[in-house]
**Q** 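Below is the structure I would like to discuss, written out as structure tokens.
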Number of protein chains: 2
Amino acid sequence: MTAKNSYSDIKKTVLARIRDHTWPPGSIIPGEVELSEEFGCARATVNRAMRELAEDGILDRKRKAGTRVNKFPIRHAKFAIPLIRTEITSTGAAYRYTLIDKKSLTAPAWLRARLGLPDNAKTLHLQCLHFADNIPFQFEDRWININAVPSVEHADFTTDGPNEWLIKEVPFTDVEISFSARVADKEIAEYLSLSVGEPVFTTERITWLSGNPITFARFSFGRGYSLKTRF
Amino acid sequence: MTAKNSYSDIKKTVLARIRDHTWPPGSIIPGEVELSEEFGCARATVNRAMRELAEDGILDRKRKAGTRVNKFPIRHAKFAIPLIRTEITSTGAAYRYTLIDKKSLTAPAWLRARLGLPDNAKTLHLQCLHFADNIPFQFEDRWININAVPSVEHADFTTDGPNEWLIKEVPFTDVEISFSARVADKEIAEYLSLSVGEPVFTTERITWLSGNPITFARFSFGRGYSLKTRF
DNA sequence: TATGTTTTTATGTCTATACATATCATCAAG
DNA sequence: CTTGATGATATGTATAGACATAAAAACATA
């Protein structure tokens, strides 16, 4: 009868009990009915609290088996992946964009393999630079599957980056993002004012529309960039 | 009256309408009552569907103002941050852990600044290596605030890593994670079998318990590591 | 003993209803 | 023209009750 009744209060109470080892890792916790009686609220309210804690990886729930405290909570870090324009302007810096190169090419072998494209697949290859206060911030190397997005051939990328165009024009269903540390090659070093061989924080992104690859993009960030999240 | 009624069906339908530009980016979509009539279900069901889409960053909802399609839908990428042991064993590789060094030290200035610790703060400094199939996978450099976790002085880290111990023993409320690309120094190069100067994918983590810093850890990953997510 | 079959049960979802609350829109007063 | 009060309204949350479903547990059969 602890006179708590909102689902977020229940979440807090449950988290507190996990933290103070009232309900230690791996243990089973009371069922929804019992908890709803204790908290003096409806089962649906307890259900929402428990469901959200399970989504956060704190609890592990199974029908009939009950709810347990996860032994090794898989924390889900949420990273904001904003538009590069938003990322730069939100720091107060001025955003500037330049299109370096734009060419229609048959997809190279590595790209065909990566995206599962047929031989002779036509692609549009773009290279762009994004500046923050006129300092090079991000080098973008992008390939677009022309077969999947025919209209891209007539798009003009001189004022807006391809990402902004794609988000507006092309729907997608799946995205894969990866983060890694790479070596700056001559090209990247030049564009980002680095030395060849310096480490470069790199993200790669592939997007599909119902299984059909749309675009592959590699983003190389300037010196000292780091991606942060707090939760 | 599209005869769909489960909340996940509604999510799919809404997503489809966003993709085919029935509801273009930035547009306002019908209210919950109207949609519940269209789908022939209760408002609560529509509410759950819309709430989850909003959590995913697809929709933007405001009381009274209604629900809009987010102009830039990929706002958040979720990464699972598993235990290193889990990460390695889930690939089928064998996990091995070694404690390299363990020392009680007064916190160095950079750490005091980073965590907001007082002068002369006592810390436990640990260096560990995590192997996948006997190949060095991750080098862990960790500092634990002894003041916040006195019992850590008697903990034995020879068989289990400090992360596993901390998760079991010490509750925390806040985490900050950052990703970056760093240069391998002599120490890291040796432990991870790299050359000095090679790029190293690095994550740093700070955890707090209600504002009180618990631990700072820097994880350096072996050559070619990348962090992936798909959604 | 081993293998299906049935029962039981905790979670999963849905409904109908109610009230709370933020905020947009309108209109009035200064 | 600005500021402040007042509705109207869409989302936010809660409730009680119902049925669905997965899976553990108990039972029955070969």
Side-chain angles (χ1 to χ4, degrees), chain A residues 1-15 17-18 22-71 73-74 76, chain B residues 1-15 17-18 22-71 73 75-76:
Chain A
M1 297 290 187
T2 346
K4 300 251 179 183
N5 50 9
S6 88
Y7 82 95
S8 56
D9 289 338
I10 293 175
K11 279 177 78 169
K12 278 180 204 150
T13 306
V14 170
L15 276 173
R17 286 189 191 173
I18 294 172
T22 306
W23 293 335
S27 65
I28 198 160
I29 73 177
E32 295 186 350
V33 177
E34 194 178 324
L35 287 176
S36 67
E37 279 157 13
E38 185 201 335
F39 294 128
C41 67
R43 183 172 79 89
T45 307
V46 174
N47 180 277
R48 178 163 176 192
M50 308 301 257
R51 175 161 37 84
E52 291 190 0
L53 288 170
E55 273 162 20
D56 293 347
I58 308 289
L59 299 176
D60 197 24
R61 323 190 74 202
K62 255 197 273 181
R63 275 174 162 134
K64 160 76 185 175
T67 300
R68 316 189 146 266
V69 180
N70 208 322
K71 262 190 191 141
I74 296 177
H76 290 273
Chain B
M1 298 291 186
T2 345
K4 301 253 179 180
N5 50 7
S6 89
Y7 82 95
S8 56
D9 290 338
I10 293 175
K11 280 177 78 169
K12 278 178 205 151
T13 306
V14 170
L15 276 172
R17 288 190 190 173
I18 293 171
T22 305
W23 294 335
S27 65
I28 197 158
I29 73 177
E32 295 185 350
V33 176
E34 194 179 324
L35 287 175
S36 67
E37 280 159 11
E38 186 201 334
F39 294 129
C41 68
R43 184 171 78 90
T45 307
V46 174
N47 180 276
R48 177 162 177 193
M50 307 301 258
R51 175 159 37 85
E52 291 190 0
L53 288 170
E55 272 162 19
D56 293 346
I58 309 287
L59 299 176
D60 195 26
R61 323 190 75 201
K62 257 198 268 179
R63 276 174 161 134
K64 161 74 184 177
T67 300
R68 319 189 143 266
V69 180
N70 206 318
K71 270 192 186 137
R75 293 289 298 228
H76 298 284

**Q** Under 3.5 Å, side chain of Thr13(B) to main-chain N/O of Asp9(B), donor-acceptor pair present?
**A** yes
**Q** Can you check nucleotides 4-8 of chain D for protein contacts, nitrogen or oxygen pairs under 3.5 Å, and list what you find?
**A**
none

**Q** With sequence neighbours left out, which residue pairs that include part of residues 61-70 of chain A fulfil the salt bridge (charged side-chain N to carboxylate O under 4.0 Å, His left out) condition?
**A** Glu32(A)-Arg61(A)
**Q** Of all residues at least two apart in sequence or in a different chain, which pass the side-chain contact (heavy atoms from CB on, under 4.5 Å) check with Thr22(A)?
**A**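 In terms of side-chain contact (heavy atoms from CB on, under 4.5 Å), with neighbours along the sequence ignored, Thr22(A) is linked to Arg17(A), Asp20(A).
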**Q** Just how far, in rounded Å, is P of dA14(D) from CZ of Arg51(B)?
**A**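 Value for this atom pair: 10 Å.
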**Q** Among residues at least two apart in sequence or on other chains, which ones pass side-chain hydrogen bond (donor to acceptor under 3.5 Å, both in side chains) with Ser27(B)?
**A**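 Partners of Ser27(B) by the side-chain hydrogen bond (donor to acceptor under 3.5 Å, both in side chains) criterion come out as none, since no residue qualifies.
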**Q** OP1 or OP2 of dA10(D) sitting under 4.0 Å from any side-chain N/O of Thr67(B)?
**A** no
**Q** Report for the helix from dT1(C)-dA30(D) to dG30(C)-dC1(D): angle between first-end and last-end helix axes, five pairs each, rounded to 10 degrees.
**A** 20°
**Q** Taking only side-chain nitrogens and oxygens of Arg43(A), does any of them come within less than 4.0 Å of OP1 or OP2 of dA16(D)?
**A**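 For Arg43(A), the contact criterion (side-chain N or O under 4.0 Å from OP1 or OP2 of dA16(D)) is not met.
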**Q** What pairs with Glu52(B) under side-chain hydrogen bond (donor to acceptor under 3.5 Å, both in side chains), at least two apart in sequence or on another chain?
**A**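 Per chain and number, Glu52(B) pairs via side-chain hydrogen bond (donor to acceptor under 3.5 Å, both in side chains) with Lys11(B), Arg48(B).
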**Q** With distance as the sole criterion, do the side chain of Arg48(A) and the base of dG12(D) form a donor-acceptor contact below 3.5 Å?
**A** no
**Q** Just jot down the side-chain contact (heavy atoms from CB on, under 4.5 Å) partners of Leu15(B), sequence neighbours excluded, or say none.
**A**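 In terms of side-chain contact (heavy atoms from CB on, under 4.5 Å), with neighbours along the sequence ignored, Leu15(B) is linked to Arg19(B), Leu53(B), Ile58(B).
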**Q** Report the distance from atom CZ of Arg63(B) to atom P of dC19(C), rounded to the nearest whole Å.
**A** 17 Å
